[in-house]
Amino acid sequence: MNLLCQSTNFAAYQCDQRRCFFLTHGSKEMQLSCCQFIALRQKLNSLDLSAHFDGRNPSGIEILSVCNRAHLLVLDTHQVLELKNLLRASFGFMEMNSMV
Amino acid sequence: MKDLVRQKISINIDIMDLLNEQIAMEADASASYLAMASWCDQHALTHSAEFFYDQSAEEREHMMKIFRFVNDNGGAALSPQIGKVAHNYSSLQEVFELALDQEIKVTKSINNIIQQCRKKADFGTENFLQWFVQEQLEEEQKMRRVLDLIELMGTDGIALRLIDERVKEA
């Protein structure tokens with residue numbers, strides 16, 4: 001498995017043999033197909049974080065379903081930002097890799 | 001390391017995001033033209049109403065064209081949410097001015113995506129979008145022709161009726 005990116009709470013890996021991605025969050029490990037990995041990126045990007053600060057989402061909690069609802073992620077504002085950055089870096093790394 | 005994402009998607013992932021934004025913009029435009037058609041219908045401007053019904057359908061076709069392109073190339077197209085649509089206008093002139101502004105906004109967005117395609121070397125998407133470049137020139141021209149007519153004839157008395165009749169030729 002190739003490590004794509006790692007942060008305090010999350011890590012993303014690519015497995016060439018199984019042609020999939022793995023996302024770890026603490027002790028939780030999620031296997032994602034390429035489509036699911038892209039869908040997670042889209043879900044994170046579509047989150048409106050300003051709602052956490054203007055009273056529309058006072059709890060600041062986001063619940064994301066991953067892999068066709070096989071997993072649920074319950075994230076606070078910091079974790080959403082952390083995961084967004086992790087995926088941005090992972091896709092950036094893959095883009096760099098494709099140029100080689 | 002294998003390039004799994006590239007093996008799955010033919011288009012650049014950042015370009016895919018921009019295309020999804022474009023899908024939402026086309027859907028908004030379609031909804032907006034529908035509201036304009038309704039306003040024209042309510043004010044007995046039947047030809048203008050017909051014109052905007054057609055425009056609305058055309059914008060939806062544009063949306064579907066991009067939607068299918070994204071999915072056909074391995075990406076994930078997102079069905080857009082429609083924002084608030086204005087239903088009140090002060091005059092036919094305002095309706096066409098808003099329509100022209102909307103078309104200019106769409107043109108700018110298409111041009112921006114093409115710029116990004118060049119930056120990311122996504123020439124397939126750039127080639128696909130060339131059709132939209134031509135289409136946008138025509139769309140803007142349609143609105144401009146009607147606004148020119150309004151400027152020339154005014155909208156007092158029978159002039160408004162005459163303009164409405166000429167809208168179908170725009």
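Every chain is numbered from 1, with letters handed out A, B, ... down the list of sequences.
- Counted within 6.0 Å of CD on B/Gln42, heavy atoms from surrounding residues, nucleotides or ligands total more than 12; the atom is thus considered enclosed.
- The shortest non-hydrogen separation linking B/Lys8 to A/Cys35 is CE-SG, 3.0 Å.
- Remark: B/Asp14 CG to A/Arg88 CZ distance equals 10.0 Å, nearest 0.5 Å.
- Across all their heavy atoms, A/Glu95 and B/Asn12 have their closest contact at OE2-ND2, 3.6 Å.
- Heavy-atom proximity under 4.5 angstrom to chain A picks out nothing from residues 94-114 of chain B.
- With hydrophobic clusters built from ILVMFWY side chains whose heavy atoms lie under 4.5 angstrom apart, B/Ile23 does not share a cluster with B/Ile82.
- Contact between A/Asp16 and B/Lys2 at its shortest, heavy atoms only, is OD2-N, 3.0 Å.
- Heavy-atom neighbours of A/Gln17 CD from other residues, nucleotides or ligands within 6.0 Å: at or below the threshold of 12.
- Using a 4.5 Å cut-off between side-chain heavy atoms of Ile, Leu, Val, Met, Phe, Trp and Tyr, with links allowed through other members, A/Leu47 and A/Leu72 fall into different hydrophobic clusters.
- Smallest separation of non-hydrogen atoms from B/Val5 and A/Cys34: CA-SG, 3.8 Å.
- For B/Arg145, the CZ atom sits in a packed shell: over 12 heavy atoms of surrounding residues, nucleotides or ligands are nearer than 6.0 Å.
- Taking a 6.0 Å sphere around NE2 of A/His78, one finds it holds 12 or fewer heavy atoms contributed by other residues, nucleotides or ligands.
- Shortest non-hydrogen contact noted between B/Met1 and A/Asn2 is CG-ND2, 3.3 Å.
- In this structure, no portion of A/Phe37 lies under 4.5 Å from any heavy atom of chain B.
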### A/Arg41/B/Asp17 under side chain to side chain contact (heavy atoms under 4.5 Å, CB included): CA gap, chis, key distance, verdict
CA-CA 10 Å; A/Arg41 175 184 171 278; B/Asp17 291 342; 2.5 Å; yes

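- A continuous path of hydrophobic side-chain contacts links B/Trp131 to B/Val70 [ILVMFWY only; heavy atoms under 4.5 Å].
- Under a cut-off of 6.0 angstrom, the local environment of NZ in B/Lys84 is sparse, with at most 12 non-hydrogen atoms contributed by other residues, nucleotides or ligands.
- Rounding to the nearest 0.5 Å gives a distance of 10.0 Å between OG of A/Ser46 and CG of B/Asn20.
- Within 6.0 Å of atom CZ in A/Arg56, more than 12 heavy atoms from other residues, nucleotides or ligands are found, so the atom counts as buried in its surroundings.
- In A/Asp54, the CG atom is crowded: over 12 heavy atoms of neighbouring residues, nucleotides or ligands sit closer than 6.0 Å.
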